[in-house]
Number of protein chains: 2
Amino acid sequence: MKISKRAYYGLRAAVSLAEADGPVSARELAEREHIPEDFLEKILQKLRKTGIVESTKGVEGGYTFANKAASVWDILKSLDGPVRTFSSPGGKGTLPCDFPSHCRTNDVLRRLEIEIEKTLSGMTIGHLNEQLTTHNKQREDKDENRIKSCE
Amino acid sequence: MKISKRAYYGLRAAVSLAEADGPVSARELAEREHIPEDFLEKILQKLRKTGIVESTKGVEGGYTFANKAASVWDILKSLDGPVRTFSSPGGKGTLPCDFPSHCRTNDVLRRLEIEIEKTLSGMTIGHLNEQLTTHNKQREDKDENRIKSCE
DNA sequence: TTTAAATAGGACTAAATTAGTCTTACTTTG
DNA sequence: CAAAGTAAGACTAATTTAGTCCTATTTAAA
Ligand code: SF4
Ligand code: SF4
């Protein structure tokens, strides 16, 4: 269970966009964040379709963060589709099926899904960026305050 | 973010093994749970290496559930390796790096990781199987009590 | 009014991961 | 010793993810 590059890039792009003032072009953003340009473009387009960023075409155009209330969950959903950790044996709604073990497993995974959603919905990009100063301060402190085990 | 078949199968196998009395052979278990036999064997071997199941060779041998205190988290870790949702740009511990957006993103993902671990560690296979009767009863009730949106 | 800087979108390819299979060897009980 | 089992590793197939490329369209500024 690891996060996709798409989601990772998207998250970073969103965070970065949210603290910019004017529109930022995909190219510029790609450089700032070290993300392959064409790939980033695709990501931004997905984010636009779900209203998380806005775009303006033409010279001096680019992408703007549109919705500071958007949560990390919203972004992940936009990029990787609905997060589904469980399903039924048949694949389609042929329930109830005859596999009790399957059913209990699904029950667990569903609870997990709910927890994940809860956690990620509570974190808005706006809030993340408010933490910026605090975080930067921490970074300037000694090693101890850094994120632990960042590989 | 979806769960792998390996993990899914493993979970189901564990739940099923835990309620059996004697050792169950891979073949038998594969039939019971509708899992490809050779693949299941691999899964069980991983689970053995982490002490979740035990095996006895030879005729009348098979796999036994070894540790009722094992949690869903333990099983997932055994099968898919450590669940890592975040990392540093360089990949190795060349920190601190120069990408504040990256850092905040990691911070979020790390919190998520913690939530997931917390949720899944709290669920032991023993506990899951205690719920069996309750759950089966629910299944026998009308549709309303089934897991919602099991596709 | 041309041109350069941008987004829009779709088709395509490459890389990586996941899922599954096959083969061979060893172990145990009847 | 034969049948039923696990052990381990190499291999292949299928799917997903990551990334590229190409062409069209829009827009502001020169
Ligand atoms: S019995 Fe459980 S696992 Fe099977 S279809 Fe119904 S809800 Fe899903
Ligand atoms: S600054 Fe943040 S993201 Fe960068 S290496 Fe350090 S902890 Fe990781």
Side-chain angles (χ1 to χ4, degrees), chain A residues 1-13 17 20 22-31 33-66 76 78-85 87 91, chain B residues 1-13 17 20 22-31 33-66 76 78-85 87 91:
Chain A
M1 200 150 39
K2 59 180 206 271
I3 204 160
S4 69
K5 293 239 169 176
R6 203 170 341 124
Y8 205 91
Y9 291 156
L11 238 31
R12 276 157 59 191
L17 263 190
V24 184
S25 74
R27 168 167 305 179
E28 166 68 13
L29 193 55
E31 261 168 38
E33 295 293 330
H34 292 75
I35 299 171
E37 189 182 332
D38 287 339
F39 194 27
L40 177 59
E41 190 107 26
K42 290 281 168 285
I43 291 168
L44 289 167
Q45 279 171 28
K46 283 201 174 196
L47 291 179
R48 180 181 52 83
K49 274 175 193 148
T50 52
I52 289 160
V53 305
E54 272 167 5
S55 68
T56 47
K57 284 184 164 189
V59 178
E60 296 288 288
Y63 294 90
T64 338
F65 198 79
L76 256 49
S78 307
L79 295 176
D80 287 336
V83 178
R84 319 243 65 231
T85 55
S87 64
Chain B
M1 198 147 45
K2 60 179 204 274
I3 205 160
S4 69
K5 292 238 169 177
R6 202 171 342 124
Y8 205 92
Y9 290 156
L11 238 31
R12 276 158 58 191
L17 263 190
V24 183
S25 75
R27 168 166 305 180
E28 166 68 13
L29 194 55
E31 261 168 39
E33 294 294 329
H34 291 75
I35 299 172
E37 187 181 334
D38 287 338
F39 194 27
L40 176 59
E41 189 108 25
K42 290 280 167 284
I43 290 168
L44 289 167
Q45 280 170 27
K46 284 201 173 194
L47 291 179
R48 180 182 51 83
K49 273 175 195 148
T50 52
I52 289 160
V53 305
E54 273 167 3
S55 68
T56 47
K57 283 184 168 187
V59 178
E60 295 289 287
Y63 295 90
T64 338
F65 198 79
L76 255 49
S78 307
L79 295 176
D80 287 336
V83 178
R84 318 243 64 232
T85 55
S87 64

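Each chain gets a letter, A, B and so on, in the order its sequence line appears, and its residues count up from 1.
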Discussion item. Can you tell me if B:Glu60 has over 12 outside heavy atoms packed within less than 6.0 Å of its CD?
Written reply: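 Check fails, neighbour count at 12 or below.
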
Roughly how far, to the nearest 0.5 Å, is [atom2] of [Y] from [atom1] of [X]?
X       : Y       : atom1 : atom2 : value
B:Leu76 : B:Arg6  : CG    : CZ    : 10.5 Å
B:Lys5  : B:Ile35 : NZ    : CD1   : 10.5 Å
B:Leu17 : B:Ile52 : CG    : CD1   : 11.5 Å
B:Gln45 : B:Leu40 : CD    : CG    : 10.0 Å
B:Glu33 : B:Glu28 : CD    : CD    : 10.0 Å
A:Ser55 : A:Lys49 : OG    : NZ    : 11.0 Å

Worksheet item: Earliest and latest nucleotide of DNA chain C, 5' to 3', sitting under 4.0 Å from a non-hydrogen atom of chain B?
Response: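 Contact span on the strand: C:dA19 to C:dT29.
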
[X] [atom1] to [N] [atom2]: how many Å, rounded?
X       : N      : atom1 : atom2 : answer
A:Glu37 : D:dC21 : CD    : P     : 12 Å
B:Ile3  : D:dT16 : CD1   : P     : 16 Å
A:Leu40 : D:dT20 : CG    : P     : 12 Å

Item to complete: By nearest nucleotide on DNA chain D, pick out whichever of A:Asp38 and A:Ser4 is the more 5' one.
Response: A:Ser4

Fill in: Positive for side chain to side chain contact (heavy atoms under 4.5 Å, CB included) with A:Leu79, one of A:Ile3, A:Leu47, A:Thr50
A:Leu47

Practice prompt. Heavy atoms under 4.0 Å is the rule here; annotate nucleotides 3-12 of chain D 5' to 3' with B where the base is hit, S where only the sugar-phosphate is, and - elsewhere.
Written response: BBSBBBBB--

